[in-house]
Amino acid sequence: MAKDALMDFDAALEQFEPVLGFEVHVELNTETKMFSPAGNPANEANHDAAPNTLVAPVDMGLPGSLPVVNETAVRYSISLGLALGCSIAPSSRFARKNYFYPDLGKNYQISQYDEPIAFEGSVEIELEGGDVVQIPIERAHMEEDAGKLTHMGSTGRIQGAEYSLVDYNRAGVPLVEIVTKPIFGTEHRAPEVAKAYVAAIRDIVRSLGISEARMERGNLRCDANVSLRPRGQEKLGTRTETKNVNSMRSVERAVRYEIQRQAAILAAGGTVTQETRHWHEDTGRTSPGRPKSDADDYRYFPEPDLLPVEPSEEFIEQLRAALPEAPAVYRRRLKAEWGFTDLEFQDVANGGLLAEVEATIAAGASPASARKWWTGEITRVANAQGAEPAALVTPAQVAELQQLVDAGTLTDKLARQVLEGVIAGEGTPQQVVDARGLAVVSDDGALIAAIDEALAAQPDVLVKIQDGKVQAAGAVIGAVMKAMKGQADAARVRELILERAGQ
Amino acid sequence: MLARIQLSDDEVQRLTGQLDAIVDNIAKVSEVATPEVAATSHPIPLRNVFRPDVPGDMLTVDEVLQNAPDAADGRFRVTAILGEEQ
Amino acid sequence: MSDILKLTAADLSAKLRSGELSSVEATQAHLDRIAAVDGDVHAFLHVSDRAVEVAADIDRRRAAGEELGELAGVPLAIKDVLVTTDMPSTSGSKILEGYMSPYDATVVARSRAAGLVPLGKTNMDEFAMGSSTEHSAYGPTRNPWDLDRIPGGSGGGSAAAVAAFEAPIALGSDTGGSIRQPAHVTGTVGMKPTYGGVSRYGAIALASSLDQVGPVSRTVLDSALLHDVIGGHDPHDATSLADQWPSFAAAAREGATGEVLKGLKVGVIRELDDRGFQRGVSDSFRASLAKLEAAGAEIVEVSAPHFEYGVAAYYLILPAEASSNLAKFDSVRFGMRVDVPGGTVEDVMAATRDAGFGEEVKRRIILGTYALSAGYYDAYYGSAQKVRTLIQRDFDEAFAQVDVIATPSAPTTAFRLGEQLDDPLQMYLNDVTTIPVNLAGVPGISIPSGLAEEDGLPVGIQFVAPAREDARLYRVGAALEALLVDSWGGPILDRAPILGGAR
Ligand SMILES: [Mg+2]
Ligand SMILES: [Zn+2]
């Protein structure tokens, strides 16, 4: 793959205006699939399912099988549409999108075409530094996911594969596809807008509780459309659609890359090809996929096996009333309540830890300590393990850990060891303290014995202390802490040393 | 390749001729299918037909694969794919 | 021929309940009959090897005093379009040769639950595309009245099985006349229920918005009894009606008294003039009308100006839906696979579909693909859907004046095998009176009205009622049947040639 020529980002922005667009697919975490009662692999309960164990007849297109719409998926989709500020269609319907592909059991995808369930909305996103941008939403529609292909061969990619294996567990997973209108005026912040938009969608679906929204699991997938137009030109440029972007950082990088790549082409007098492109996490580049052509004829027609979805006004209002606080509003409120600085708050927000910190505070920890644990040690361990912080410990455990520190049972250093035990599955913080014997030794007798021993071993130090050189006590503290295997409160040890030295 | 059927030249020839039949049908229905007539996609109109979100109907892996022309590793096996994912 | 074979399902059921006959005896008699005559008729694609065992189980349960359904122990033939777990389901196509469904069609499951004994799977035009059963990939079925003639189609196998006394009752499916037209040419009864009245789950789809499963039998009462078993709401089919249906058997029994004919308004369609029909067909139809009139019915001319657009609309809608429904036969998950050395999966799919589908199926898939192509959708499929609206209006207006509409069931008596094979357009006209019924979703029944004078072959009369008024058809059908059988001095099939006499 030849390396693309890239123009410097700032230079590109001088000559061209970027126009963005996004299609985000959200996998709903319903119990069952969109059109079949098979277990949904996007639901926590089914994460470990073996291939082809979550399959009902319709998911693999068995002869005679028929789809039936999942009521909960419809409810979730309406709630999401409302949270995106959309109007809900009084009548929407499903259509068949016909194309042949081995991961598609019926060789058509049931989707919504000319009558989506939600349309015309807007999402507020917040950029670093607090700037707020409105992203216009064109539509949100319901559809089903396809199965999973694994390409077998030397490369593991589609090119050069000898054969492929098909697993239909994911076939039929309920999806909502959210499509934006063209987004203008993002300028040099275009990559940042891309990332913030996906983050905003993630926060919205999480606040609704309708998706696990984990990009690394494919619960949330973003196709980013980028086009450039020369400054002063009205007509939109040719766009590319970059697929496969499965982290927020990648969305940001992919948009930046496409701006630089397209600018280089246009500046050299070339034309951008309208095509899908694939993002490569490893190289940080995009590569061309299939050019859009006449062959892209999906022969849509109304799905004759399904009926229109016509939610009543009352039902929609009921769902609207039940909507949680919008994430943007929620963030403003939390920031005020917690008294964090911009930097502190963004640390929590960017780490996707708002809910965790909030729950930890609710469980009794102070805002500062909750923030410190989640953005500090827990995030460090999570990064090391390649896991999500929230998957390691519960907010209640963190609050309990902090209580042990506040009560003097644990030092910070001991607390980190206890956390490690909790993460390792050894039980609650108290259980780990008990099992590992990690509590601070608060028995002065034991401390005094250790101090006396240390002073006896370092008579010169004792003299120095008695001469008023109090800082010399540090050497003894170190020895005592070592003897106590770190399970002592250094401040108390110091007090006792000075006492023993007659100070 | 239309409808993913590898037709022989012979078949293409015959079928192309029969596309005329469709043209006749179009001509016929367009005599009366005027803009003010609503389309009927379901003969008996129903709406909001949903299924409760409760698991069921799942097949065993053996049932899933029982008619597979080729399978490996609990999955269907197909020969190399030329085109990319949609 | 054993006397058991001549029994209607209702009479057989009475003898099973009284203990005069066992289900094993009845089942064995039918299996023997199949062995004797099906070499000539070829109504069956597969004969169950479990039938006697299932019958014995019913006998055992009856002996143990279990409360069984009215048809328990009665043998049943099943059209191969319906999937079954214990017998292959091919829909008459090579592409599904040997296919074993992991689930039963709802109508099959209900039949089993009611204690019916599946005898085997009956022949049909491939994927139900045809009016002669000559398009079966497994060879044609022959008409028991004349083995050189077609038994109608697509459900020629079920109709011939019943007419040849190989089964007392059978299941069929009707997309444009596939139950009623075979009934017409074989001197049997066939009912297409209101769309949604019987579940389509497990019926291998041809055109989803037109397909209905229904009963095939030698008497109106038998169809009604079977309809009672298979009908009613099925949550696996979103288009299934939630209506509470009356007992159709009760309606047929009530109808047989003839009371219903007094003052009954029978509509005759002005636009269906005699010129389109074989003389013997028209004559038989007129004679039946005269019988109805003599019994107190009033014949009223009604107008259905859009009937003549039915066939054109049908041949736009059907190929479009079929092309999508038949996309699942792609060699990946089930069915035939043709290996293409060095080929891609796309090549394998294309070669398989070329080799696995017969000519008529390919013709309709290609036409349907074309009819759905971008730019044509509105003109083709969309316009055809408008004709449905117009035909529905015709029916609505007619049913404002009459209780039922009567038509000849088909334009001609059974033609000779091969006679229309090269003329698909002529073949399509066989369904001219049945197609509007599917387009409108209303119920229609065909019952024998006599023999055409010129060729001595059976002719049927079709009654059509408003949507959901299936019971009315059983009442009226049973009433006319009683009058006709009385005038003939016995069932019409008594006059069919005796098959297998020499064996
Ligand atoms: Mg899309
Ligand atoms: Zn999509």
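Order of the sequence lines sets the chain letters (A, B, ...), proteins ahead of strands, with each chain counted from 1.
Closest non-hydrogen pair, A/P304 versus C/Y195, comes out as O-OH, 4.3 Å. C/F334 and A/P63 get closest at one heavy-atom pair: CZ-CD, 3.7 Å.
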Please evaluate residues A/R299 and C/S373 with respect to the criterion side-chain contact (heavy atoms from CB on, under 4.5 Å), reporting the C-alpha separation (whole Å), side-chain torsions for both, the decisive distance (0.1 Å), and the verdict.
CA-CA 5 Å; A/R299 290 173 286 117; C/S373 294; 4.2 Å; yes

I would like to know whether A/F100 and C/M349 meet side-chain contact (heavy atoms from CB on, under 4.5 Å); could you show each step before the answer?
CA-CA 9 Å; A/F100 284 86; C/M349 284 182 183; 4.2 Å; yes

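Of the two parts of C/A105, neither the backbone nor the side chain holds a non-hydrogen atom closer than 4.5 Å to a non-hydrogen atom of chain A. Only the side chain of C/Y99 comes within less than 4.5 Å of a heavy atom in chain A; its backbone stays farther off. Interface remark: A/P57 contributes side-chain atoms only to the contact with chain C (heavy atom separation under 4.5 Å). Proximity to chain C is limited to the side chain of A/Y108, based on heavy atoms less than 4.5 angstrom apart. Contact annotation for C/T369: both backbone and side-chain heavy atoms come within less than 4.5 Å of a heavy atom of chain A. Residue A/P37: no heavy atom, backbone or side chain, is found under 4.5 Å from chain C. For A/N98, the part lying under 4.5 angstrom from a heavy atom of chain C is the side chain only. Of the two parts of A/L62, the backbone and the side chain both hold a non-hydrogen atom closer than 4.5 Å to a non-hydrogen atom of chain C. Of the atoms belonging to C/S209, heavy atoms from both backbone and side chain fall under 4.5 Å from chain A.
The CG atom of C/D237 lies 11.5 Å from the OG atom of A/S65; values are rounded to the nearest 0.5 Å. The OG atom of C/S199 lies 7.0 Å from the CG atom of A/L66; values are rounded to the nearest 0.5 Å. Remark: A/R96 CZ to C/L372 CG distance equals 9.5 Å, nearest 0.5 Å.
Distance alone, capped at 3.5 Å, is enough to place a donor-acceptor pair between the C/Y103 side chain and the A/G64 backbone. With C/R333 contributing its side chain and A/G105 its backbone, the two residues share a donor-acceptor pair below 3.5 Å.
By number of non-hydrogen pairs under 4.5 angstrom with chain A, the leading residue of C/H236, C/K328, C/Q385 is C/K328. Most heavy-atom pairs under 4.5 Å with chain A, from the set C/G202, C/S324, C/A238: that is C/S324. When the candidates C/V81, C/N325, C/V83, C/L210 are compared by the number of heavy-atom contacts under 4.5 Å with chain A, C/N325 comes out ahead. Of the residues considered (A/L104, A/V68, A/L306, A/D305), A/D305 shows the highest number of contacts with chain C, using heavy-atom pairs under 4.5 Å.
For A/K148, the NZ atom is loosely surrounded, since the number of other residues' heavy atoms within 6.0 Å does not exceed 12.
For the pair C/V332 and A/Y168, the minimum side-chain heavy-atom distance is below 4.5 Å. Residues C/Y377 and A/Y300 have side chains not in contact (no heavy-atom distance under 4.5 Å, counting atoms from C-beta outward).
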